[in-house]
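So that the names make sense, note that chain A is the first sequence line, chain B the second, and so on, each numbered from 1.
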Protein chains: 2
Amino acid sequence: MTTDICSQSRRSPRDRIVDAARYLFRKHGIRGVGVDAIVDAACSNKMTLYRHFSSKDDLIVECLRRAGMEMDNYWRELEDAHPGDGLAQLRAWVRRIADHLGANDCNCELMSAAVQLTDEDHPARSVIKRFKDAQRDHVVELCRNAGVANAELLCDTLLLLIEGARLNQQSSGSEGPSARFAGIADAAILSFAGSSSVPE
Amino acid sequence: MTTDICSQSRRSPRDRIVDAARYLFRKHGIRGVGVDAIVDAACSNKMTLYRHFSSKDDLIVECLRRAGMEMDNYWRELEDAHPGDGLAQLRAWVRRIADHLGANDCNCELMSAAVQLTDEDHPARSVIKRFKDAQRDHVVELCRNAGVANAELLCDTLLLLIEGARLNQQSSGSEGPSARFAGIADAAILSFAGSSSVPE
DNA sequence: CCGAGGTGTTACAGATCGGTAACATTGGCG
DNA sequence: CGCCAATGTTACCGATCTGTAACACCTCGG
């Protein structure tokens, strides 16, 4: 319907399975979709899935790793679009998140996965934590490059606002507090950047 | 272990089941715990559960309704502790959330439930939405009472920060961005309250 | 043409899930 | 005591879940 993975029969079954899994995971939750539904949406079969992935958890890990890689690619796109301009990259990043709040093609996968995979020792947890740490480091660097004095503080403020907006979107809908996310986040950036040359 | 519901045999089986369900839902996720585990933790049995609740979904709804009622009680406690002082109630509310970020006895139930119950027509969705709307109205009223000019904006800022902090706690741990939540949120309150008598 | 590797099909195992029926047990109240 | 309602016990149903075994297919390089 929305993205007919079955019609992409020229792609490898492995890629179709991963894409179908990511789509269904976003739509029905990781625990709410079974491998049968995944291979059905991918126009493949269970045997092929288990020839590429040792278990469903292994497939989940691969899905999250791909989501992280796509995010890394987006960081590079931002750097290319605004080379050396951390402030512009930050604002473009926030604007993109605001624009994609309604759609489910965003990278909410990694955070909603953390809510759904409550087991502390699930193999995906390390993937999530590694991605989160890398993202934080990169945003801090952008803030510092933008001339913000307290880069860590702005970074954490933005991260809290972003994930709060994504979560609120799911519980309160588009007309809830997440509707004001773009303005709030951009105001925070400008507020910090404005007092850039005023340490303390 | 942590809270031995079984030893509270004087309480009604219904209450023990609901409490055990809420505890396990928080710990392993709504979809990650079965009715057998619930009645086992409650030292009851499946038949008694299904005599009180027509289905597992019905039990979920009751759990969320109780979480919402406890939140209403907390609003009343705040009003009693700081009668008529919206600013003090806001700051006490934020401080309490910050203190309870690590523990799982907070009311994250209603928001994490929204992530786990992806079906748009799940009976719990209306409970969640109703609670969220009421919470927003109440916080807006507190902001307005605190003399804040743009009460809705501060309310939504706080709501985004709070849910972002709770979500980040689960994916990045206690040392992540959520560690700075208390300072960020309190600064936001004071910033808005400071410019209270300066509309626009 | 032929053999081999990746793929698809069918069937099934073992476990767990939500939910129910029939019956035994308990505790409180007259 | 004896009754009654709530609760507990056991066994089970059908559906669904992850994961596997055996076998058929099909394409492509030598």
Take B:Gln89 and B:Glu79, measure what side chain to side chain donor-acceptor pair (under 3.5 Å) needs, and give me the verdict at the end. CA-CA 7 Å; B:Gln89 292 183 42; B:Glu79 171 62 29; 2.7 Å; yes
For A:Gln8 and A:Arg11, what are the C-alpha separation, side-chain angles and deciding distance, and is it a side chain to side chain donor-acceptor pair (under 3.5 Å)? CA-CA 6 Å; A:Gln8 311 168 351; A:Arg11 305 178 58 209; 2.8 Å; yes
Worked check of side chain to side chain donor-acceptor pair (under 3.5 Å) between A:Asp58 and A:Ser55: CA-CA 5 Å; A:Asp58 196 29; A:Ser55 66; 5.6 Å; no
Determine, step by step, whether B:Cys143 and B:Cys155 satisfy the disulfide (SG to SG under 2.5 Å) criterion, reporting the C-alpha distance in whole Å, the side-chain angles of both residues, the deciding distance to 0.1 Å, and the verdict. CA-CA 7 Å; B:Cys143 293; B:Cys155 166; 5.6 Å; no
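The separation between A:Leu49 atom CG and D:dT20 atom P is 11 Å, rounded to whole Å. Spacing between atom CZ of A:Arg31 and atom P of D:dT16 amounts to 19 Å, rounded to whole angstrom units. In this structure, OH of A:Tyr50 is placed 17 Å from C1' of C:dT7, rounded to the nearest angstrom. Residue B:Ile17 contributes atom CD1, which lies 14 Å from atom P of C:dG18 at whole-angstrom precision.
Taking the side chain to side chain donor-acceptor pair (under 3.5 Å) definition, one finds that B:Glu77 meets it with nothing, sequence neighbours left out.
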Show the atom names and distances, to 0.1 Å, of all donor-acceptor pairs under 3.5 Å that link a side chain in residues 145-154 of chain A to residues at least two apart or in another chain.
{"from": "A:Asn145", "atom 1": "OD1", "to": "A:Gly86", "atom 2": "N", "distance (Å)": "2.8"}
{"from": "A:Asn150", "atom 1": "OD1", "to": "A:Leu153", "atom 2": "N", "distance (Å)": "3.3"}
{"from": "A:Glu152", "atom 1": "OE2", "to": "A:Arg144", "atom 2": "NH2", "distance (Å)": "2.9"}

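Salt-bridge annotation for B:Glu70 and B:Arg22: present, with a side-chain N of the basic residue lying under 4.0 Å from a carboxylate O of the acidic one.
The phosphate of C:dG8 (OP1 or OP2) has a side-chain N or O of A:Arg16 nearer than 4.0 angstrom.
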Might you list the N or O atoms of the protein lying below 3.5 Å from N or O atoms in nucleotides 9-15 of chain C, with each pair's distance?
none

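Residues B:Glu163 and A:Arg166 have side chains not in contact (no heavy-atom distance under 4.5 Å, counting atoms from C-beta outward). By the 4.5 Å heavy-atom criterion applied to side chains, A:Tyr74 and A:Met71 are counted as neighbours.
Among the candidates B:Leu167, B:Leu160, B:Asp156, the single residue satisfying the side-chain contact (heavy atoms from CB on, under 4.5 Å) test with A:Asn168 is B:Leu160.
DNA chain C is contacted by no residue of residues 32-41 of chain A, taking any non-hydrogen atom closer than 4.0 Å. For the segment residues 52-65 of chain A, residues with any heavy atom less than 4.0 angstrom from an atom of DNA chain C are, sorted by number, A:His52.
Sorted by first and then second residue, the side-chain hydrogen bond (donor to acceptor under 3.5 Å, both in side chains) pairs involving residues 118-128 of chain B (not counting sequence neighbours) are B:Asp57-B:His122.
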